[in-house]
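Before any comments, here is the structure.
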2 protein chains.
Amino acid sequence: MVRSNVGGGRATLHDVAAAAGVSVTTVSNYLSGYPYMRQSTKDRVRKAIDELGYVANTAARTLKTGRTGLLTLSVSDLRQSYFAELAERIIAAARYRNYGVMIESTGLNRDREIGSIDSVRRRMTDGLITSPACMGAGDAAAFEGDYPLVMLGVQPFTAPCHHILVDNVQAAHDATAHLIKADCSRIALIGGAEGGEESSRTTRMRGYCEALREAGIPVRHELIREVRDWNALGGARAVTALFDDGIRPDGILACNDHLAFGVMRQLKDLGLAIPGDVRVVGFDNIDEARFAIPSLTTVDQSADTVAIKAVDSVIGQIEAGTRAPASVEHVPHSIVYRASSPEA
Amino acid sequence: MVRSNVGGGRATLHDVAAAAGVSVTTVSNYLSGYPYMRQSTKDRVRKAIDELGYVANTAARTLKTGRTGLLTLSVSDLRQSYFAELAERIIAAARYRNYGVMIESTGLNRDREIGSIDSVRRRMTDGLITSPACMGAGDAAAFEGDYPLVMLGVQPFTAPCHHILVDNVQAAHDATAHLIKADCSRIALIGGAEGGEESSRTTRMRGYCEALREAGIPVRHELIREVRDWNALGGARAVTALFDDGIRPDGILACNDHLAFGVMRQLKDLGLAIPGDVRVVGFDNIDEARFAIPSLTTVDQSADTVAIKAVDSVIGQIEAGTRAPASVEHVPHSIVYRASSPEA
DNA sequence: CTGTTAGCGCGTTCAG
DNA sequence: CTGAACGCGCTAACAG
């Protein structure tokens with residue numbers, strides 16, 4: 001019978017020791033699985049622990065050991081399905097390793113992205129996994145330090161840490177090549193950007209251009225549409241703009257799945273068939289992509305692999321007591337073929 | 001010039017005190033905004049802090065004060081947009097109050113739902129906001145205790161704490177009444193359940209039945225379809241099953257927006273017009289609902305209000321040092337009219 | 001206005 | 001195999 005005296009939660013190691021008629025060391029040893037102990041002692045301790053509903057105080061342990069058992073995950077917006085799915089997997093991977101995850105949502109705010117290192121600086125958390133979206137080329141220094149850190153996603157700076165991401169240039173290249181192979185010649189890119197700092201926008205743009213060039217198709221800038229907010233509305237508007245400009249693409253590569261959903265919606269409203277008149281490919285392979293109308297062909301970013309690698313890396317650093325050397329690790333990507341653009 | 005000695009993070013209050021030539025109390029006072037201090041002392045302390053790159057150690061403070069500045073949010077699956085949006089808002093509300101949020105994802109596992117109280121039992125976290133989905137009528141005792149707790153969503157038990165939720169019966173009633181007012185007479189309910197423990201499924205079902213009865217429309221059980229997983233696939237399948245059984249609804253109330261997306265997809269594939277042939281109403285008002293094809297009429301659950309109330313409540317309890325008395329608080333709901341079923 | 005001091009609860013020596 | 005004692009870094013009395 002456990003007495004959950006959670007709130008008033010008195011019982012301390014001393015109480016247990018007193019109740020069991022042993023010393024605190026003995027209880028501590030018992031708790032950490034120290035083997036050389038009389039069975040009768042073990043039983044007494046176990047009984048005392050149960051009766052008192054003893055639960056170790058994390059703060060005291062942390063103060064002593066320097067470990068909180070917590071990780072910080074910093075993303076820009078959990079409402080973006082990609083991040084929600086990534087978070088879900090990171091929580092699962094961390095849980096498996098007996099770590100908890102504190103989530104910081106920075107809402108596309110550079111200062112808050114930088115500020116997310118605070119939780120580890122204050123030792124509230126043992127390490128940081130971050131995916132900044134608004135930091136500039138000069139911001140690398142913000143991450144200088146020796147605390148455990150893993151960086152996720154394309155960045156305009158060279159992070160002084162382990163950096164995990166898919167090869168966005170190659171991924172966009174592959175997706176574009178797929179459309180070309182399916183006989184598309186007027187391929188639009190929704191969400192790409194021609195200039196600005198290195199980001200998903202620019203790298204996916206580069207892959208797109210590369211693939212076109214390799215196929216001998218000239219890059220037409222009217223086909224490239226920047227979109228600020230990568231959501232369905234942005235995708236729909238981009239299609240409208242495209243058609244308003246008299247452009248009739250036969251293939252569309254959207255920089256994420258939400259954009260692709262909006263693209264498909266607008267194409268349908270214009271009376272176009274997918275993939276008959278226009279093929280559509282997205283990016284991220286979020287859960288909803290399977291259920292879209294039609295189901296969406298998309299680039300899988302192996303969020304699961306990223307999650308596991310990120311958690312392994314940061315915990316490895318925690319256990320090693322020092323940051324991993326700077327390095328870039330590309331995780332594999334793949335195209336998931338569905339109805340919006342079947343494999344050619 | 002800040003030396004970010006995060007990892008090796010030595011500098012302690014004593015170091016700062018020594019460097020500034022004052023005592024630890026003075027530094028501590030300075031840090032907590034104690035007003036009665038000579039400006040020159042303040043300056044010396046500030047300077048020492050900057051030079052040493054001092055950052056307070058949370059664990060030590062926690063050990064002393066008993067507060068971690070962390071909340072636990074426990075949900076079943078962050079990939080469900082409703083929870084992602086709720087989490088985002090709870091993080092924002094907590095952040096505003098200078099609290100961090102640790103997220104527990106329990107994946108429809110009862111034991112893990114119960115286990116989510118562990119983080120507060122171990123005092124790793126100051127309070128818990130939880131939205132269990134798999135606990136039974138007999139599980140109320142699991143939440144006995146005096147720690148700060150807020151329960152969210154319909155539950156089969158009377159939670160011994162502050163419990164925040166929308167009135168699901170009334171909400172489903174309103175949604176159904178809206179369809180009736182729009183001249184629907186064969187209204188299907190997707191995701192409702194006729195039996196089983198009290199849950200969103202059964203309460204929404206009750207509201208649906210009530211509204212029909214009030215309008216003098218008999219409840220036809222073939223129109224009610226249980227769906228295990230409330231995602232688009234489930235919604236699409238339910239529609240298929242409905243039509244396979246020879247049933248032709250003219251209005252469909254889906255128990256969440258994802259179901260509604262699948263419903264709409266399947267209706268379209270069957271060549272039916274929305275809202276012309278069939279009107280569709282969802283539940284939750286997730287962000288994507290605005291962008292669906294057609295845009296989705298849905299019941300808004302005021303996730304934002306829930307988030308703010310939940311955070312306020314749990315922090316209130318933390319500050320009061322005791323759990324709030326058991327109480328049920330209904331937050332307002334509203335129907336957001338969009339293209340899938342415009343206001344009659 | 002500032003300094004001294006005693007714990008918070010746990011892990012970890014070091015004796016016995 | 002077990003017990004006593006110290007200290008992690010900070011806050012809060014309490015003195016001065």
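Below, chain A is the first sequence line, B the second, and so on; all start at residue 1. Excluded from the calculations below are hydrogen atoms, water molecules and symmetry mates; all remaining heavy atoms, backbone and side chain alike, are included.
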Test salt bridge (charged side-chain N to carboxylate O under 4.0 Å, His left out) applied to [X] - qualifying residues, sequence neighbours left out:
{"X": "A/Asp15", "answer": "none"}
{"X": "A/Arg79", "answer": "A/Asp77"}
{"X": "B/Asp139", "answer": "B/Arg110"}
{"X": "B/Lys42", "answer": "none"}

Query raised in the report: Can you name the side-chain contact (heavy atoms from CB on, under 4.5 Å) partners of B/Ala324, sequence neighbours left out?
Result: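 Result, side-chain contact (heavy atoms from CB on, under 4.5 Å) vs B/Ala324: B/His162, B/Gln317.
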Requested in this report: Report the residues that fulfil side-chain contact (heavy atoms from CB on, under 4.5 Å) with B/Thr68, sequence neighbours left out, ordered by chain and then residue number.
Outcome: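 Scan of B/Thr68 (side-chain contact (heavy atoms from CB on, under 4.5 Å), adjacent residues dropped) gives B/Thr62, B/Leu70, B/Asp126.
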Taking only the side-chain nitrogens and oxygens of [X], find out if one of them lies under 4.0 Å from OP1 or OP2 of [N].
{"X": "A/Thr62", "N": "D/dC8", "answer": "no"}
{"X": "A/Thr26", "N": "D/dC1", "answer": "no"}
{"X": "A/Ser23", "N": "D/dG3", "answer": "yes"}

Query raised in the report: Is it true that B/Arg323 and B/Asp146 have a side-chain N and a carboxylate O under 4.0 angstrom from each other?
Result: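 Salt bridge between B/Arg323 and B/Asp146, a charged N being under 4.0 Å from a carboxylate O: no.
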Query raised in the report: Any ion pair linking B/Lys47 and B/Asp43 (charged N to carboxylate O, less than 4.0 Å)?
Result: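 No, no charged N to carboxylate O under 4.0 Å.
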Query - Annotated protein contacts, base or backbone, on nucleotides 11-16 of chain C with a non-hydrogen cut-off under 4.0 Å, one of B, S, - each - result: BBB---
Query raised in the report: For the helix from C/dC1-D/dG16 to C/dG16-D/dC1, what is the angle between the axes at its two ends, each from 5 pairs, rounded to 10°?
Result: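 Angle reported: 40°, given to the nearest ten degrees.
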Query raised in the report: When all nucleic acid strands are considered with a 4.0 Å heavy-atom cut-off, which category describes B/Thr41: base, sugar-phosphate, or nothing?
Result: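 Sugar-phosphate contact only - B/Thr41 comes under 4.0 Å of backbone atoms but never of a base.
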Spacing of [X] atom [atom1] relative to [N] atom [atom2], expressed in whole Å:
{"X": "A/Tyr30", "N": "D/dC1", "atom1": "OH", "atom2": "P", "value": "16 Å"}
{"X": "B/Arg67", "N": "D/dC10", "atom1": "CZ", "atom2": "P", "value": "19 Å"}
{"X": "B/Asn57", "N": "D/dG7", "atom1": "CG", "atom2": "C1'", "value": "13 Å"}
{"X": "A/Arg123", "N": "D/dC8", "atom1": "CZ", "atom2": "P", "value": "14 Å"}
{"X": "A/Leu52", "N": "C/dG9", "atom1": "CG", "atom2": "C1'", "value": "15 Å"}
{"X": "B/Leu63", "N": "D/dT11", "atom1": "CG", "atom2": "P", "value": "11 Å"}
{"X": "B/Asp15", "N": "D/dG9", "atom1": "CG", "atom2": "C1'", "value": "10 Å"}

**Report entry** Sequence neighbours excluded, every pair satisfying side-chain hydrogen bond (donor to acceptor under 3.5 Å, both in side chains) that has a member inside residues 90-101 of chain A
**Finding:**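 As it turns out, the side-chain hydrogen bond (donor to acceptor under 3.5 Å, both in side chains) pairs with a partner in residues 90-101 of chain A, which skip direct neighbours, are A/Arg97-A/Asp312.
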